[in-house]
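Data first, discussion second: the structure below is written as structure tokens.
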Amino acid sequence: MGRIEVKRIAEPDEKRAFVDKGYADVFNFEDGTVGRAVFEPGWRWSEHVKPLAGTDSCQAAHACYVVAGRMHLVTDEGEETDVGPGDLVFISPGHDAWVLGDEPCVMLDFSGMGDYARRAETVTQPSP
């Protein structure tokens with residue numbers, strides 16, 4: 001049987017602060033998680049999320065819509081691009097990213113927020 005779940009952007013189920021310079025609002029639905037991340041000027045994954053994740057690069061896959069601001073993305077293999085308002089972007093695991101300019105970058109993430117910016121010791125591990 002079908003269902004509809006509605007959440008208000010101003011009322012996240014969880015707010016996860018980065019080490020500094022931003023946060024992620026997390027919305028948990030029965031069939032998945034959606035996040036709204038606010039990356040402030042000067043934010044860089046390798047400085048502001050890496051200490052929480054405990055990995056050398058971001059290991060989450062992201063399917064995002066950029067609402068505002070600009071971000072530079074670089075994969076572990078060296079592929080690079082910039083994204084900005086109105087862009088849809090898929091980012092594979094194994095990347096770094098940083099905000100460009102003096103405006104916060106705001107993204108809606110439809111796939112990679114389940115454990116994003118959660119301390120490594122609290123990340124849900126799959127069952128064997």
Side-chain angles (χ1 to χ4, degrees):
M1 187 164 287
R3 79 177 162 276
I4 298 172
E5 290 182 78
V6 177
K7 304 266 180 160
R8 301 212 174 274
I9 200 83
E11 300 171 5
D13 295 313
E14 182 181 355
K15 184 178 283 286
R16 297 183 193 150
F18 304 146
V19 170
D20 189 21
K21 301 194 182 298
Y23 59 91
D25 287 334
V26 179
F27 303 86
N28 298 308
F29 294 88
E30 187 170 325
D31 290 327
T33 301
V34 175
R36 177 182 67 158
V38 178
F39 307 98
E40 297 173 7
W43 177 91
R44 185 177 185 126
W45 185 91
S46 54
E47 295 175 23
H48 301 103
V49 179
K50 179 179 178 174
L52 301 171
T55 56
D56 288 335
S57 61
C58 182
Q59 296 302 305
H62 303 282
C64 299
Y65 173 73
V66 183
V67 176
R70 299 195 56 75
M71 185 172 284
H72 184 79
L73 308 166
V74 59
T75 67
D76 290 351
E77 292 78 26
E79 183 179 350
E80 298 186 48
T81 195
D82 294 341
V83 295
D87 287 343
L88 293 169
V89 59
F90 180 82
I91 311 162
S92 296
H95 58 273
D96 195 0
W98 54 89
V99 171
L100 298 171
D102 58 1
E103 178 184 355
C105 183
V106 179
M107 290 187 178
L108 298 177
D109 189 338
F110 298 95
S111 71
M113 296 304 280
D115 289 322
Y116 187 81
R118 186 178 281 171
R119 290 207 173 274
E121 62 271 11
T122 64
V123 171
T124 307
Q125 298 296 324
S127 300

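The structure presented is a predicted model; accordingly, all values stated were derived computationally and were not measured.
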Checklist entry - Shortest non-hydrogen contact from Lys15 to Asp25? => result NZ-OD1, 2.8 Å
Next on the checklist: Under 4.5 Å side-chain heavy-atom separation, chaining through any Ile, Leu, Val, Met, Phe, Trp or Tyr, what else clusters with Trp98? Say none if it is isolated.
Outcome noted: Val74, Leu100
Checklist outcome for this item: The side-chain hydrogen bond (donor to acceptor under 3.5 Å, both in side chains) partners of Lys50 (sequence neighbours excluded) come to none
Checklist entry - Within a radius of less than 6.0 Å around CD of Glu79, do more than 12 heavy atoms belonging to other residues, nucleotides or ligands occur? => result no
Item to check | Closest approach of Gly69 to Pro85 (non-hydrogen atoms, all atoms of both residues) | outcome: O-CD, 3.1 Å
Checklist outcome for this item: side-chain hydrogen bond (donor to acceptor under 3.5 Å, both in side chains) pairs touching residues 80-94, sequence neighbours excluded, are His72-Glu80, His72-Asp82
Next on the checklist: One pair to check against side-chain contact (heavy atoms from CB on, under 4.5 Å): Ile9 and Arg36. What are the steps and the verdict?
Outcome noted: CA-CA 8 Å; Ile9 200 83; Arg36 177 182 67 158; 3.9 Å; yes
Next on the checklist: Running the 4.5 Å side-chain criterion over Ile, Leu, Val, Met, Phe, Trp and Tyr, what cluster does Val6 land in, apart from itself?
Outcome noted: Ile4
Checklist entry - Should Cys58 and Pro93 count as side-chain neighbours, where that means a heavy-atom distance under 4.5 Å? => result no
Checklist outcome for this item: Across all chains, not counting sequence neighbours, the side-chain contact (heavy atoms from CB on, under 4.5 Å) partners of Glu77 are Thr75
Checklist entry - Step by step, would you call Lys7 with Asp13 a side-chain contact (heavy atoms from CB on, under 4.5 Å)? => result CA-CA 9 Å; Lys7 304 266 180 160; Asp13 295 313; 2.8 Å; yes
Next on the checklist: I'd like to know whether Phe18 forms a side-chain contact (heavy atoms from CB on, under 4.5 Å) with Glu40, so could you lay out the CA-CA distance, the side-chain angles of the two residues, the decisive distance to 0.1 Å, and finally the verdict.
Outcome noted: CA-CA 10 Å; Phe18 304 146; Glu40 297 173 7; over 6 Å; no
Checklist outcome for this item: Scanning both residues in full, the closest heavy-atom pair of Leu52 with Ala117 reads CD1-O, 3.8 Å
Item to check | Partners passing side-chain hydrogen bond (donor to acceptor under 3.5 Å, both in side chains) against Arg44 (at least two apart in sequence or in another chain) | outcome: Ser46, Asp96
Checklist entry - Which pair of heavy atoms, one from Trp43 and one from Asp20, lies closest together, and at what distance? => result CD1-O, 4.0 Å
Checklist entry - How long is the gap from CZ on Arg3 to CD on Glu30, to the nearest 0.5 Å? => result 3.5 Å
Item to check | Nearest non-hydrogen partners of Val99 and Gly42, listed with the distance | outcome: CB-N, 4.4 Å
Checklist entry - Within a strict 4.5 Å, meaning less than it, do heavy atoms of the Phe39 and His48 side chains meet? => result no
Checklist entry - In the single-linkage hydrophobic clustering (I, L, V, M, F, W, Y; side-chain heavy atoms under 4.5 Å), do Val38 and Phe110 co-cluster? => result yes
Checklist entry - Taking only residues two or more places apart in sequence or in another chain, which ones pass salt bridge (charged side-chain N to carboxylate O under 4.0 Å, His left out) with Asp102? => result none
Checklist entry - With the 4.5 Å side-chain cut-off for hydrophobic clustering, are Trp45 and Val106 part of the same group? => result no
Next on the checklist: Are Phe29 and Met113 linked, directly or through intermediate hydrophobic residues, by side-chain heavy-atom contacts shorter than 4.5 Å (ILVMFWY only)?
Outcome noted: no
Next on the checklist: Going by ring-ring contact (aromatic ring centres under 6.0 Å, His included), name the residues that satisfy it together with His62, two or more places apart in sequence or in a different chain.
Outcome noted: His95, Tyr116
Checklist entry - How would you list, by chain and number, every residue that makes a side-chain hydrogen bond (donor to acceptor under 3.5 Å, both in side chains) with Ser57, sequence neighbours excluded? => result Gln59, Asp76
Item to check | By salt bridge (charged side-chain N to carboxylate O under 4.0 Å, His left out) - contacts of Arg70 (at least two apart) | outcome: none
Item to check | side-chain hydrogen bond (donor to acceptor under 3.5 Å, both in side chains) involving Arg8 - partner list, sequence neighbours excluded | outcome: none
Item to check | Test side-chain contact (heavy atoms from CB on, under 4.5 Å) applied to Val26 - qualifying residues, sequence neighbours left out | outcome: Glu14, Arg16, Asn28, Thr33
Next on the checklist: If hydrophobic clusters are built from ILVMFWY residues whose side chains come within less than 4.5 Å, do Val67 and Met107 share one?
Outcome noted: no
